[in-house]
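When a residue number appears, it is its place in the shown sequence, counting from 1.
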Amino acid sequence: MTQAHFIVQRGQAEGEQTMVDYTVDVGAGMVVLDAIHQIQATQAPDLAVRWNCKAAKCGSCSAEVNGKPALMCKTRLDDLDLTKPVEVRPMKTFPQLKDLVTDVGWNYEINKLIKPFKPTNENTDEWVVMQEDIERAREFRKCIECFMCQNACHVLRNHDKKDLTHREALFAGPRFMIRLAGLEMHPMDGEDRMRFVKDEANVGYCNITKCCTEVCPEEIKITDNAIIPLKERVIDRFYDPIAMLLGTLTGRK
């Protein structure tokens with residue numbers, strides 16, 4: 001049986017971080033999560049890792065494999081160069097709890113700030129929604145909240161724009177630009193979130209490098225279909241003098 005060399009980051013939030021070497025027996029069809037489970041079973045029973053479905057649908061097993069954000073359950077060993085060590089670390093953007101487990105609770109605090117769906121017509125029996133509008137928003141509903149886009153985003157990863165007490169310096173991140181876009185593009189939603197998008201979610205911090213799109217396991221076009229349209233709406237609403245004049249004259253927002 002083939003063997004692979006794994007280097008796994010071990011440690012707790014306030015303690016010393018160490019990179020520990022493990023040798024794993026590799027079988028056909030194995031993924032990185034299988035290797036981590038084998039390490040748990042045979043060499044390090046105290047190794048902490050978060051996982052649930054092992055089907056790339058729960059988003060729990062996000063980590064960094066060879067320096068790139070990835071779902072461990074979706075990263076096949078036969079796609080990796082096993083002549084070199086496979087390095088597995090926790091997501092860098094969020095605080096480490098233990099080993100490969102990080103505290104992603106900040107994301108749920110951001111989610112609470114977003115105003116929920118507010119129907120324009122309370123009589124939902126009379127809704128008529130065009131198929132093109134359904135298709136437009138359906139993509140955003142595929143998000144499994146693995147938070148790899150948040151981890152890859154350099155605004156959060158390198159500049160740490162996560163201070164909830166200073167909204168002007170906060171960046172909600174790609175995952176919540178998806179949620180905001182899905183709400184704003186819903187034809188039956190009547191809530192106004194554009195000032196939140198501009199001043200609190202701070203969509204302007206994104207410089208559209210598309211790193212979030214590249215790591216999305218659901219292949220959501222986060223930048224093209226969510227962030228750029230939100231930027232365009234902010235510009236139309238707050239910076240376009242003609243649109244602002246027409247809005248004033250017609251009394252429309």
Side-chain angles (χ1 to χ4, degrees), residues 31-33 50-51 53 55-76 79-80 87-94 100 102 104 106-111 113-114 132-162 170-186 189 193-194 196-198 200-236:
V31 294
V32 170
L33 186 60
R50 183 183 284 129
W51 71 285
C53 73
K57 290 301 177 185
C58 73
S60 300
C61 65
S62 303
E64 297 190 6
V65 179
N66 289 340
K68 182 179 179 179
L71 290 178
M72 289 187 285
C73 71
K74 198 175 181 179
T75 307
R76 296 176 60 89
D79 290 335
L80 303 177
E87 186 177 280
V88 186
R89 296 176 180 266
M91 289 192 289
K92 179 181 177 180
T93 298
F94 304 110
L100 301 178
T102 54
V104 295
W106 175 84
N107 295 283
Y108 301 109
E109 295 302 316
I110 292 292
N111 195 49
L113 301 178
I114 300 174
E132 61 182 356
D133 290 324
I134 293 173
E135 294 297 335
R136 190 178 193 187
R138 179 177 292 170
E139 177 187 22
F140 306 136
R141 300 300 296 270
K142 296 194 308 181
C143 175
I144 61 175
E145 294 199 329
C146 61
F147 301 126
M148 289 200 301
C149 62
Q150 303 284 77
N151 186 47
C153 173
H154 66 277
V155 180
L156 297 175
R157 185 183 182 93
N158 299 327
H159 301 287
D160 199 30
K161 297 290 187 179
K162 299 196 290 290
L170 176 70
F171 181 55
R175 188 277 170 267
F176 297 103
M177 295 303 163
I178 292 173
R179 177 153 191 255
L180 286 162
L183 289 166
E184 287 298 308
M185 295 177 189
H186 196 296
D189 178 72
R193 303 176 190 83
M194 291 315 299
F196 173 83
V197 172
K198 171 181 172 287
E200 297 187 57
N202 286 304
V203 68
Y205 277 130
C206 174
N207 61 3
I208 57 176
T209 57
K210 298 190 179 184
C211 52
C212 52
T213 300
E214 291 177 4
V215 301
C216 178
E218 290 295 322
E219 299 182 350
I220 302 171
K221 294 180 174 59
I222 302 171
T223 309
D224 291 343
N225 294 348
I227 296 177
I228 291 177
L230 286 176
K231 282 176 171 282
E232 290 172 343
R233 292 183 182 211
V234 166
I235 291 169
D236 289 344

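Here the closest heavy-atom approach between residue C206 and residue F171 is recorded as CB-CZ, 4.0 Å. Residue C146 comes nearest to S62 through the heavy atom pair O-OG, 2.8 Å, listed as atom of the first residue, atom of the second, then distance. Scanning all heavy atoms of the two residues, the minimum distance from P229 to T223 falls at CD-O, 4.2 Å. In terms of heavy atoms, P69 sits closest to A152 at CG-CB, 4.2 Å. Closest approach of C211 to C153, counting heavy atoms only: SG-CA, 4.1 Å. Shown here for I220 and C143, the closest heavy-atom pair between the two residues is CD1-N, 3.7 Å.
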Does the pair R175 and N111 meet the rule for a side chain to side chain contact (heavy atoms under 4.5 Å, CB included), with working shown?
CA-CA 10 Å; R175 188 277 170 267; N111 195 49; 5.7 Å; no
Go through the steps to decide whether Q150 and N107 satisfy the test side chain to side chain donor-acceptor pair (under 3.5 Å), and finish with yes or no.
CA-CA 9 Å; Q150 303 284 77; N107 295 283; 3.0 Å; yes
Stepwise side chain to side chain contact (heavy atoms under 4.5 Å, CB included) test for V104 and M91
CA-CA 10 Å; V104 295; M91 289 192 289; 4.0 Å; yes
Side chain to side chain contact (heavy atoms under 4.5 Å, CB included), that's the test. Do M72 and V88 meet it? Break it down for me.
CA-CA 9 Å; M72 289 187 285; V88 186; 4.0 Å; yes
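For W106, there are no ring-ring contact (aromatic ring centres under 6.0 Å, His included) partners, not counting sequence neighbours. For F147, the ring-ring contact (aromatic ring centres under 6.0 Å, His included) test picks out Y108, with sequence neighbours left out.
Ion pairing of E87 with K68 is absent here, as no side-chain N (NZ or NE/NH1/NH2) approaches a carboxylate O to less than 4.0 Å. Remark: E184 engages R193 in a salt bridge, criterion side-chain N to carboxylate O under 4.0 Å.
The closest donor-acceptor contact from the side chain of D189 to the backbone of H186 lies at 3.5 Å or more, if one exists at all. Formation of a donor-acceptor pair under 3.5 Å by the T75 side chain with backbone atoms of V32 is not found in this model. A distance-only check finds no donor-acceptor pair linking the side chain of K162 to the backbone of F94 [under 3.5 Å]. Side-chain atoms of R50 come within 3.5 Å of backbone atoms of T102 as a donor-acceptor pair (strictly under, hydrogens ignored). Between the side chain of R157 and the backbone N or O of N151, at least one donor-acceptor pair lies under 3.5 Å. Panel note: side chain K74, backbone A56; no donor-acceptor pair is recorded below 3.5 Å. Side-chain N or O atoms of N202 include one that pairs as donor or acceptor with a backbone N or O of E200 at under 3.5 Å. A distance-only check finds no donor-acceptor pair linking the side chain of T93 to the backbone of L156 [under 3.5 Å].
At least one side-chain heavy atom of D224 sits under 4.5 Å from a side-chain heavy atom of K210. Contact of the W51 side chain with the C58 side chain is not registered, since no non-hydrogen atoms from C-beta on lie closer than 4.5 Å. Counting heavy atoms from C-beta on, the side chains of L113 and F176 never come closer than 4.5 Å.
How far CD1 of I228 is from CZ of R233: 13.5 Å, rounded to the nearest 0.5 Å. Atom NZ of K198 and atom CG of L230 lie 14.0 Å apart (nearest 0.5 Å). Atoms CD and CD1, on E218 and I178 in that order, are 10.0 Å from each other to the nearest 0.5 Å. To the nearest 0.5 Å, atoms SG (C216) and CG (L71) are separated by 9.0 Å.
Other residues, nucleotides and ligands contribute only 12 or fewer heavy atoms inside 6.0 Å of the NZ atom of K57. The environment of E135 atom CD is dense: over 12 non-hydrogen atoms of other residues, nucleotides or ligands sit within 6.0 angstrom.
Looking at N225 and E139, their side chains do bring a donor and an acceptor atom within 3.5 Å of each other.
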